[in-house]
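As structure tokens, the structure follows; a few thoughts come after it.
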Amino acid sequence: MKHTKVKELLNSASTLPEVNAKGWVRTFRNNQFIALNDGSTINNIQCVVDFENTSDEILKRITTGAAVSVVGALVESKGAGQKYEIQVSSLEILGDSDPEKFPMQPKKHSLEFLRENAHLRVRTNAFGAIMRIRSVLSFAVHSYFQEKGFVYVNTPIITGSDAEGAGEMFKVTALPFDNTPRTEDGSVNYKEDFFGKETNLTVSGQLEGETFAMALGQIYTFGPTFRAENSNTSRHLAEFWMIEPEVAFNDLNDNMDLAEDFIQYVIKYVLEKCPEDLKFLEGRLLEEEKSKPQAERSEMALLEKLDFVLKNNFKRVSYTEAIDILRNCTPNKKKKFNYIINEWGADLQSEHERYLVEKHFKCPVILFDYPANIKAFYMRLNDDTEPGKETVRAMDILFPGIGEIVGGSQREERFDVLVEKMKALNINEEELSWYLDTRRFGSAVHSGFGLGFERLVLFVTGMSNIRDVIPFPRTPGSAEF
Ligand code: ATP
Ligand code: MN
């Protein structure tokens with residue numbers, strides 16, 4: 001007999017004379033009621049064991065974490081909260097789980113403890129829900145771009161360009177650490193390395209993505225990226241997934257429209273596909289926030305917050321306007337910020353971004369037209385820009401509770417301006433000659449952005465630490481599993 005998923009059993013159109021369910025025991029009450037979960041849904045199916053006709057030896061082995069297979073009738077449940085249950089006629093223990101040793105006991109565990117047990121935390125309600133939502137969200141990403149005719153591009157993970165400057169890179173090498181081949185001046189001789197040159201793990205697929213956009217029109221990447229920056233925050237991972245669309249003939253406004261439409265689409269998608277998981281996480285969050293002082297609690301419950309993002313346009317604000325707001329705001333005047341904003345040109349810290357989003361505008365914000373010297377070399381210089389106060393066509397999307405979720409720009413399409421900029425920043429033209437070919441041959445206005453997938457999952461699930469929305473987090477000092 002083939003087993004049926006718990007989700008299908010709970011949604012069955014009728015009672016059934018005989019079904020088989022397989023899963024893991026969450027709890028076993030009164031020597032009679034198994035709450036069985038198989039990961040297909042947040043909901044458990046209740047399996048009622050005929051304990052009088054089941055040997056003690058078997059009953060003892062029905063423990064939290066054990067894998068079991070039950071056969072029996074799917075009947076209407078007398079218990080509250082579920083339509084159906086299984087009246088068990090036979091039960092097989094597939095795999096025992098020693099209750100003295102199994103770490104995921106049915107009680108509240110700290111998130112820290114669960115992180116240390118990342119291989120087992122997925123057996124809890126919260127992490128089951130988060131990982132199902134993560135999966136649905138990644139499908140939504142593809143669905144959005146595919147529906148719009150974007151081409152999915154797999155940019156290299158091992159890259160030969162080190163000039164991108166998006167973050168510190170991890171070196172990829174096959175050279176030995178003892179007896180490392182050296183050049184005459186004593187530096188490492190990468191000519192003898194696997195690729196015959198220095199290579200790194202990618203920090204972004206953008207530059208390669210641009211070359212594809214300048215042929216295929218609309219492209220997106222969705223893959224792992226790596227940053228060796230030592231930022232031990234609740235928003236940074238050393239290995240994270242990034243989505244990077246790049247579109248020929250889009251200017252900065254088109255780019256903002258695309259980012260906003262895309263984010264709203266994926267949130268709508270997950271609201272439709274994962275109502276039960278989201279409801280569960282909303283409850284979890286309310287519970288967690290009860291222990292916080294009123295001022296620190298979210299103003300909206302999770303579903304309301306997601307709905308708000310769907311129904312309201314993101315507020316578009318220039319960097320210059322933002323600086324004016326920040327310069328004159330109370331926390332700046334009272335020196336409550338760690339970094340006081342005194343003048344135009346200052347780089348915004350996460351405290352400033354969060355003030356703008358959470359206290360001032362109270363909605364998602366798109367900041368645009370940043371000072372050129374705090375942004376990357378490839379961003380389009382504004383035409384009407386004042387000497388000494390040059391701005392570029394950059395945009396960052398800031399979200400409540402998250403800060404920056406998207407960073408993007410219109411790209412500098414003018415060969416001469418781009419080369420000039422690279423010279424000023426000491427970026428090797430030879431190395432990036434392939435990239436400059438996009439500007440040498442058939443250059444055109446184009447734009448794109450990068451969205452950190454885990455920051456999106458953080459927002460949607462209402463979790464507060466990025467380590468809790470990726471299966472096996474990599475952070476400074478930690479690469480378990
Ligand atoms: P931040 O200022 O938050 O460190 P960034 O400006 O370095 O981010 P970008 O280079 O613009 O980030 O990358 C694009 C997007 O990738 C960011 O908007 C963010 O969503 C995500 N991102 C960047 N760094 C990380 C990281 N270390 N872990 C997870 N997501 C990240
Ligand atoms: Mn950024």
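Keep in mind that what you see is a predicted model, and the values were worked out from it rather than measured. Whatever order the structure lists them in is the order used to number ligands and atoms, beginning at 1.
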Problem set entry | Distance (rounded to the nearest 0.5 Å) between K311 NZ and K268 NZ | 10.0 Å

Exercise. Which atoms of ligand 1 sit under 4.0 Å from any heavy atom of E229?
Worked result: 27 (N)

For this session: For the Mn ion (ligand 2), decide whether D396 has an N, O or S atom at a distance under 2.8 Å.
Result: no

For this session: Run the numbers for me: atoms of ligand 1, each under 4.0 Å from some heavy atom of V406, listed by number.
Result: 18 (O)

Problem set entry | For R327 against E343, the heavy-atom pair lying closest together | NH1-CA, 3.8 Å

Exercise. Quick one: does NZ or CZ of R439 land under 6.0 Å from the six-membered ring centre of F441, within 45 degrees of the ring axis?
Worked result: no

Exercise. For atom 15 (C) of ligand 1, which candidate among P473, S204, A394, G450 provides the closest heavy atom?
Worked result: G450

For this session: Please name the atom of E404, restricted to N, O or S, that is closest to the Mn ion (ligand 2).
Result: OE2

Problem set entry | Under-4.0 Å heavy-atom contact with ligand 1, by part of R227 that carries it | side chain

For this session: Run down the list W241, F240, F449 and name the one with the heavy atom closest to atom 25 (C) of ligand 1.
Result: F240

Problem set entry | Within-cut-off N or O pair, L237 and ligand 1, under 3.5 Å | yes

Problem set entry | Check: N328 side chain, D324 main-chain N or O, donor-acceptor pair, under 3.5 Å | yes

For this session: Ignoring angles and geometry beyond distance, decide whether I405 reaches within less than 3.5 Å of ligand 1 through its nitrogen or oxygen atoms.
Result: yes

Exercise. Within 45° of the ring axis of F262 and under 6.0 Å from its six-membered ring centre, is that where the NZ or CZ of K148 lies?
Worked result: no

Seminar exercise, completed: Smallest heavy-atom separation, T64 atom then S97 atom, equals O-OG, 3.1 Å

Problem set entry | Proximal ligand 1 atoms for R235, defined as those under 4.0 Å from one of its heavy atoms | 28 (N), 29 (C)

Exercise. Is K273 close enough and on-axis enough to Y269, meaning under 6.0 Å and within 45°, for cation-pi?
Worked result: yes

Seminar exercise, completed: Quick note on ligand 1: atoms under 4.0 Å from a heavy atom of I466 include exactly 29 (C)

For this session: May I ask you to check whether over 12 heavy atoms, not counting those of Y152, lie within 6.0 Å of atom OH?
Result: yes

Exercise. Ligand 1 and M242, any nitrogen or oxygen pair closer than 3.5 angstrom?
Worked result: no

